[in-house]
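Single-structure report; data block below.
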Amino acid sequence: MYSSVLSGVLYGLKAEIVRVEVDVGNGIPSFEMSGFLSNEVKEARERVRVAIRNSGYELPPQRIVVNISPADIRKCGTGFDLPIALAILSANGYIDEVNVDNMIILGELSLDGSINGVSGVLPCVCEAKKSGISKALIPVSNYNEGRIVEKVNIIPTNSLKMAVQYINNGIIENQRQDNPEQCRTTDKQEINYADICGQEAAKRATMIAVAGMHNIMYIGPPGSGKTMMAKRIPSIMPDMTFDEKLAVTNIYSVAGQLGEYGGLVEDRPFRAPYHNVTKSSFFGGGMFPRPGEITLAGKGVLFLDEMTEFKPEILEGLRQPLEDKDITIVRMGRTYTYPADFMLVGAMNPCKCGYYPDRSRCNCSEQDIKRYIGKISMPLWDRFDMCIKTDEIGYEQIRCSSDNGNVPDSESMKQAVMRARLAQLKRFNGMNIKYNSQMSTGDMKRFCRLGEEEEKLIKRIFAKKRLTARGYSKILKTARTIADIDGNVNITTANISEAFYYRGIPEVTIH
Ligand SMILES: [Zn+2]
């Protein structure tokens with residue numbers, strides 16, 4: 001007896017529909033599987049056999065052949081357990097096959113016949129919809145994810161038995177009717193720049209950085225609030241559009257990181273990998289290729305705390321994705337390209353001990369400091385348009401926490417960001433760039449015209465500080481964003497002076 005059902009397989013961030021075919025017949029009892037399968041998929045054999053028995057279905061001794069087609073796509077993951085089990089039951093007459101042709105089936109089986117969630121449900125259901133499939137039988141724990149896709153009937157199931165009952169009778173017990181608003185977890189802490197007293201300069205620099213999507217580095221002693229500052233960046237970024245949310249959710253779905261609620265990701269990502277992160281979890285890859293931190297940070301922030309502690313291969317590897325906004329990984333002869341469109345935020349101490357230039361506490365020699373800062377190579381420094389010193393939080397600033405009246409909060413900062421974003425939207429209308437930080441030399445000539453006074457000032461700075469061409473363009477781009485925040489049509493001398501203050505490299509390496 002032959003039977004087949006439909007399922008989905010991931011390829012990068014996309015999915016393809018595959019057909020799971022089963023043939024059962026007389027012969028020496030065996031269980032064979034073919035169709036370019038990873039070991040993970042082949043292991044389904046044992047799980048499926050035991051799960052079927054423990055769900056109360058009797059299978060006679062028989063020769064079982066499973067094939068997953070098309071054969072040119074490598075099949076990974078554990079989501080084929082359920083379709084394989086259902087196809088076997090169908091070939092044995094437990095299921096009426098007619099009903100499963102318009103349905104995609106995904107799920108991992110436990111030995112007791114219960115169904116576990118799998119990764120990549122969202123792209124699979126999206127692809128099913130494109131292929132004209134109108135139903136998706138998926139694990140209960142993936143329910144909120146599956147139903148993001150409109151016009152596909154999502155059938156959540158938590159056991160093999162329940163899945164069989166649904167296919168035969170069209171009913172599902174205990175179908176979840178959760179209201180998405182009710183079951184969304186509220187573990188997200190509301191964080192706000194109003195929580196940070198003092199550090200006005202760092203706050204303003206952060207606001208400018210977000211407005212023009214400039215990568216920013218915080219340099220300051222331990223306890224100066226660098227992490228607090230970085231963590232709050234998503235609170236002043238514009239809200240994501242639905243398409244952006246969908247793209248982010250898709251990435252988290254493939255990575256298996258949607259969390260307990262498992263539905264649409266509403267907030268911009270903030271990723272802060274630890275400095276001992278492996279290359280494959282940072283850039284993506286692994287046996288079964290998954291997106292890494294740089295992709296998970298997409299549309300949001302990648303924060304590298306204690307940046308000098310990261311391995312050189314991680315830091316240097318960042319340059320290409322920062323330039324191209326994506327990363328290409330080759331695994332087993334196949335190429336996977338993941339997006340890597342994030343704002344880079346770094347934090348580091350000013351020297352090894354952390355207290356330079358406070359010479360009462362810092363004994364580091366100039367050489368030591370240069371070596372320490374030199375852990376970030378010049379080409380990587382060049383990717384930071386802005387660099388801001390954070391100061392230790394003093395007694396005065398702690399005291400002001402009782403009176404937050406004049407402290408800039410996330411709402412007002414976000415408004416300034418939106419104002420500057422609107423100016424950029426108009427400026428780059430019809431072009432393939434969106435932010436001031438993305439301007440080419442030609443774009444800068446066109447959009448950063450300087451008056452006589454401004455020209456004089458920047459020439460003076462250029463000569464006196466021995467700026468490189470890179471340094472010059474960073475100042476100009478940042479000045480353009482400051483002008484946008486302040487509502488100036490043209491860049492002013494004040495905008496240039498302020499941008500110079502944020503130029504992206506510590507003084508000590510220049511001299
Ligand atoms: Zn020191």
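In this text, all values refer to a predicted model and were calculated from it rather than measured experimentally. Note that ligands are numbered from 1 as they come in the structure, with each ligand's atoms numbered from 1 the same way.
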So what's near the Zn ion (ligand 1), protein N, O or S atoms under 2.8 Å?
->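 You should have found C351 SG, C353 SG, C362 SG, C364 SG.
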For residues 298-316, tabulate all N or O donor-acceptor pairs below 3.5 Å that involve a side-chain atom, not counting sequence neighbours.
from, atom 1, to, atom 2, distance (Å)
D305, OD2, T227, OG1, 3.1
T308, OG1, Y372, OH, 3.1
K311, NZ, V277, O, 3.1
E316, OE1, R319, NH1, 2.6
E316, OE1, S377, OG, 3.3
E316, OE2, S377, OG, 2.9

Task: SB check R449 E454 (cutoff 4.0 Å) - done: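 Result for this pair is no, no salt bridge flagged.
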### Query
Between S253 and E145, does any side-chain donor sit less than 3.5 Å from a side-chain acceptor?
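On atom types as modelled, these side chains qualify, holding a pair under 3.5 Å.
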> Going by atom types only, do Y435 and T481 share a side-chain donor-acceptor pair under 3.5 Å?
Replying inline: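 Judged by distance alone, the side chains do not pair up.
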Residue set satisfying ring-ring contact (aromatic ring centres under 6.0 Å, His included) with F36, at least two apart, ordered chain then number -> none
Distance-only check: which donor-acceptor pairs under 3.5 Å involve side-chain atoms of residues 278-291, not counting sequence neighbours?
from, atom 1, to, atom 2, distance (Å)
T278, OG1, S281, N, 3.2
T278, OG1, S281, OG, 2.8
S281, OG, T278, O, 3.4
R290, NH1, S119, OG, 3.1
R290, NH1, V254, O, 2.8

